[in-house]
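In what follows, a single structure is set out as structure tokens and then discussed.
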Amino acid sequence: MLIPIEGTWCLILGASSGMGRAVARAMAAQGANVIGVHFDTAAHEEATAQLVDELRGHGVEAHFFNVNAASPAVRAELVPRIAELSGGTGLHVLVHSLAFGTLVPYLPRAGWERGITHRQLDMTLNVMAHSLVYWVQDLVAADLLPRGSKVYAMTSAGVTQALPSYGAVSAAKCALEAHVRQLACELAPREVAVNALRAGVTPTPSLARIPEHTEFVDRATLNNPHGRLTRPEDVAEAIVLLSRTDSSWITGNTIGVDGAELYAAGGAWNPHRADAAG
Amino acid sequence: MADQLAPRLDKEDLRLLIAEVLDVDVAEVTDDAHFVDDLEVDSLMALEITVRLEKEYGVRMQEEELESIRTMRSTYDLIERKLRETS
């Protein structure tokens, strides 16, 4: 059954920038209350305060916490807070949008003196993939993912594409998609839907941290058959849309939100191509 | 002015804070132990240290200052300088 999301609560992990931020804005615009977890230095303080003000401007509650979402201590502290804030009703939406990992190759190569360390690889997998499982475990234990609620995790085309610096993140995205399928099955009796969203190449602060981003942003811009890159707002809109139901039948998927970028054959859809061919 | 600030920044308190964030024995955080090379600090732990220091000492780190957070000694010097600047 289609339902309004007004008055529901959503928890966004990675809420201060990029996709998480866009989802926070879109959900608040629809009347949903937002609990945001982000981890930033003080230089970002004003921007986050502005975002919170903007969300509250929609007449919803917005509570942001500047803490490490991948830390067990932080989870232990926040889960009771979420119960308290939502008045025990729990969450309708959980968004995992944690883009924090180590962007170095596995082996030393030109431009990189050292390959990835054990600790860096563990950290990347833990933050970008395993933390989804731990959050779901704790939220379920606290009865904060009721029937009809939705869990979304952000994956990327990088699961099947290799870039020199992206090995650990690619591995994390593969693990994340596997976690999504497993959680979808385990949460089916509770009628909670779990899906991964595979955005196209999207200009965000996290994308800008990938050393090779200039090259593939240029290529993706030419390659996307829509003639533009994915925007964080495209992803936010997909989440709003998929959350307007209490059905859990769309679950366990990796859903492309990329304007068909993944399937467009290299260069064939470049709008300038016809001109070039005369 | 420096006298007023002295109680706010204590080297052993700072050492304890760093050891706690890194989850290592305080004895490992010597003045010159390199966070990355000796204590295997990854970027998430570096961010943890930075955010904790900002909250604890009421300072705001600039992007270019983050590379000074590499040993106990260089971190202490950085915070001391920032506290002096803001006083």
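Residue numbers begin at 1 in each chain, while the letters A, B, ... track the order of the sequences.
You'll find the side chain of D40(A) stays beyond 4.5 Å of the side chain of E54(B), heavy atoms only. The shortest distance between side-chain heavy atoms of D42(B) and R119(A) falls below 4.5 Å. Contact of the S43(B) side chain with the Q120(A) side chain is not registered, since no non-hydrogen atoms from C-beta on lie closer than 4.5 Å.
Enclosure of atom CD in E113(A) is not indicated, since only 12 or fewer non-hydrogen atoms of other residues, nucleotides or ligands lie within 6.0 angstrom. Atom CD of E215(A) sits in a crowded spot, with more than 12 heavy atoms from other residues, nucleotides or ligands closer than 6.0 Å. Other residues, nucleotides and ligands contribute at most 12 non-hydrogen atoms within 6.0 Å of the CD atom of E67(B). Counted within 6.0 Å of CG on D53(A), heavy atoms from surrounding residues, nucleotides or ligands total more than 12; the atom is thus considered enclosed. Atom CD of E64(B) has more than 12 heavy atoms from other residues, nucleotides or ligands within 6.0 Å.
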Could you tabulate the donor-acceptor pairs under 3.5 Å formed by side-chain atoms of residues 154-164 of chain A, not counting sequence neighbours?
residue : atom : partner : partner atom : Å
T155(A) : OG1  : E177(A) : OE2          : 2.6
S156(A) : OG   : G158(A) : N            : 2.9
S156(A) : OG   : Y166(A) : OH           : 2.9

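Between R114(A) and V36(B), the shortest heavy-atom distance links the atoms NH2-CG1, 4.2 Å.
For the atom pair CZ (F39(A)) and CG (L44(B)), the distance works out to 6.5 Å, reported to the nearest 0.5 Å.
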With salt bridge (Lys or Arg N to Asp or Glu O under 4.0 Å) as the test, would you mind laying out the steps for R60(B) and E46(A) before giving the verdict? CA-CA 12 Å; R60(B) 179 174 284 214; E46(A) 282 87 11; 3.2 Å; yes
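Considering N68(A), N66(A), V67(A) as possible partners of V51(B), the one that fulfils the side-chain contact (heavy atoms from CB on, under 4.5 Å) test is N66(A).
The contact between T41(A) and chain B is made by backbone and side chain atoms together, counting heavy-atom distances below 4.5 Å.
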